[in-house]
Amino acid sequence: MKYIALFLCFLTFSAALPAQDRILINGERLNVSLRDLAEFGKTPEGGTNRVAYSDDDLRAREFTIRLMREAKLDVSIDLAGNIIGRRAGSDASLKPIMIGSHIDSVPMGGRFDGQVGSMGAIEVARTLAEKGITLRHPLEVIIFQNEEGGTVGSTALAAGILPERLDLVTNSKKTIREGIKAIGGDPDKLTRPLRQKGDLAGYLELHIEQGGRLDQQKINIGVVEGIVGLSWWEVTITGFANHAGTTPMDQRQDALLAAAKYVEAVNRAARSMTGRQVATVGKIQAFPGATNVVPGKVVTSLDVRDLDPAKIAQVLDKIRESVKQIEAETGTKFEFKQTSASKPALTDAGFKSAIDASAKDLGLTTFLLPSGAGHDAQEIADLCPIGMIFVPSRDGISHSPREFSRPEDITNGANVLLRTLLRLDQ
Ligand code: GLV
Ligand code: MN
Ligand code: MN
């Protein structure tokens, strides 16, 4: 029985593809699309500053919609402001397969994160249109909005967004609510998920690795086994603002001193355990922010990640323990407000074999690896099976203007995306 099942599995995912098996995407066109997209929010260092809901994000979305129309996709904006391009399938009884990524960037980020998967998905659709191939499943190409601010668009799709989260201020200075209105969504209709379990046949995302394994080991394609969970917090430390010249050193309630101890404690908490858990303080602002005032308030952040939710909880516990001590030492108060949380997500076994077989058909080497970066795919994992394809990042650098992936690696990744889609469609 076991052998029959294995054989069927082999047939499903490894059988040679029919006539369309020779089709390849247009790599040159894909890399030109990426280069053109990089103009929106281009920085002098050659990176991208295109935070969600900014003017550059809005202009990049217009550009992307034009490309989707050129790919003969039927484009609409959903209630969350995600851009969706549809292509009909031949079997009306089948649910859509979704492919895509995001085009927003972190502040002063790179030109590949999210953008490779977005332009790659559009190029795949354009290739299907050009070659006159109709899939059995409908195809949806999706450009998720605000991935970098905590996978907002994909969370709206899979889980819905609580009204209080809509009031958080984003890097564009707009709240999420204002941002969603600016991109054509309706923030008042997002408490319930936009899609239900079973609405989609699957979701596939092409992305850069953002780590150095593929680059170091000279491997062409990463087959992602899972995506870490993450827990994001806004941390406010309240002390007492007072004169820097007249307040004796032993009578201060210095919020910035407490913050310094907190940054150290966060680092220590993650390092004190075995495993790959990480914890980061990436943002800090002192108030009132003057040379001659002891800071009375600090607003800072926390990002904790691991593939195991129990590990995340353990790191958070250790941080809370240290914070109690810091409060006592400095006469300050810490307040933690959660701004985003994603569960770790495992990719689907069938999708992993389909990606691996598709890469091997193209003569490409593969490697199974986890993702330490967050992705929209992990939200979509609540709705349907997911798969992720990674291409190498030079020196493993990401969220930086120095992020770089070679054009040939990007072309390979999009070809694997196309072949995997064709395989899964069968
Ligand atoms: C998203 O890119 C994240 O991992 O923070
Ligand atoms: Mn990113
Ligand atoms: Mn990304």
Side-chain angles (χ1 to χ4, degrees), residues 34 37-38 41 43 47-52 54 57 60 64 82-83 99-121 142-155 168 170-172 203-212 214 222 224 226-234 270 276-283 301-307 312 338-345 347 369-381 386-393 396-405 410 413 417:
L34 265 173
L37 176 64
T43 64
T48 304
N49 190 31
R50 193 193 302 135
V51 296
S54 63
D57 183 41
T64 303
N82 300 308
I83 308 170
I99 59 174
S101 195
H102 64 97
I103 59 166
D104 64 305
S105 80
V106 290
M108 308 310 273
R111 5 184 213 114
F112 299 90
D113 178 356
Q115 301 152 85
V116 165
S118 299
M119 295 300 110
I142 189 156
I143 309 299
F144 288 110
Q145 62 99 340
N146 198 0
E147 190 270 355
E148 298 292 4
T151 53
V152 177
S154 48
T155 301
L168 293 176
T170 67
N171 287 319
S172 68
Y203 174 69
L204 260 181
E205 182 168 349
L206 167 66
H207 206 282
I208 57 166
E209 183 197 347
Q210 306 181 274
L214 300 176
V224 178
I227 308 167
V228 293
L230 55 85
S231 182
W232 282 6
W233 301 79
E234 183 182 85
R276 281 204 292 233
Q277 65 285 341
V278 287
T280 307
V281 180
K283 200 155 100 170
S301 63
L302 178 61
D303 172 323
V304 183
R305 307 184 185 209
D306 197 76
L307 265 180
I312 295 179
Q338 186 149 37
T339 54
S340 186
S342 305
K343 290 184 297 237
T347 53
L369 79 185
S371 172
H375 297 288
D376 292 306
Q378 76 200 98
E379 309 302 336
I380 305 307
I386 58 156
M388 282 198 81
I389 302 160
F390 276 179
V391 294
S393 296
I397 297 171
S398 184
H399 282 185
S400 154
R402 287 178 55 206
E403 184 174 271
F404 181 76
S405 293
I410 293 168
L417 176 65

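Computation of the quantities below employed the complete heavy-atom set of this structure, encompassing side-chain atoms and omitting hydrogens, waters and symmetry-equivalent molecules. As the structure lists them, so they are numbered: ligands from 1, and atoms in each ligand from 1.
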- Query: Hey, which protein N/O/S atoms does the Mn ion (ligand 3) have under 2.8 Å?
  - Reply: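 The answer, once waters are left aside, is H102 NE2, D113 OD1, H207 NE2.
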- Query: Under 3.5 Å, is there a donor-acceptor pair between the side chain of S105 and the main chain of R50?
  - Reply: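 Yes.
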- Query: Going by distance alone, is a donor N or O of one side chain under 3.5 Å from an acceptor N or O of the other, for S393 and Q210?
  - Reply: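 Side chains of S393 and Q210: no pair found under 3.5 Å.
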- How long is the span from the CD1 atom in I103 to the CD atom in E148, to the nearest 0.5 Å?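 Reported to 0.5 Å precision, the distance equals 12.0 Å.
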- Message: Any heavy-atom pair between the side chains of T64 and M119 that's under 4.5 Å?
- Response: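 Yes, at least one pair of side-chain atoms sits under 4.5 Å.
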- Query: With side chains defined as the heavy atoms from C-beta onward, is the minimum distance between D57 and S172 less than 4.5 Å?
  - Reply: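 Side-chain contact under 4.5 Å: no.
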- Locate the shortest heavy-atom distance separating H375 from E147; write the atom from each residue and the value.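 Smallest interatomic distance, heavy atoms only, reads CA-OE2, 3.6 Å.
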- Message: Run the salt bridge (charged side-chain N to carboxylate O under 4.0 Å, His left out) test against K343 and tell me which residues pass, sequence neighbours left out.
- Response: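 K343: salt bridge (charged side-chain N to carboxylate O under 4.0 Å, His left out) contacts with D382.
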- Message: For V281, give me all partners under side chain to side chain contact (heavy atoms under 4.5 Å, CB included), at least two apart in sequence or on another chain.
- Response: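 In terms of side chain to side chain contact (heavy atoms under 4.5 Å, CB included), with neighbours along the sequence ignored, V281 is linked to Y262, V263, V266, T300, S301.
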- Query: Which one of D104, V106, V51, N146 satisfies the side chain to side chain contact (heavy atoms under 4.5 Å, CB included) criterion with N171?
  - Reply: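 Filter result, single survivor: V51.
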Close N/O pairs between ligand 1 and protein, under 3.5 Å:
from, atom 1, to, atom 2, distance (Å)
ligand 1, 2 (O), E148, OE1, 2.9
ligand 1, 2 (O), H399, NE2, 3.2
ligand 1, 4 (O), R305, NH1, 2.7
ligand 1, 4 (O), R305, NH2, 3.3
ligand 1, 4 (O), G374, N, 2.7
ligand 1, 5 (O), R305, NH2, 2.7

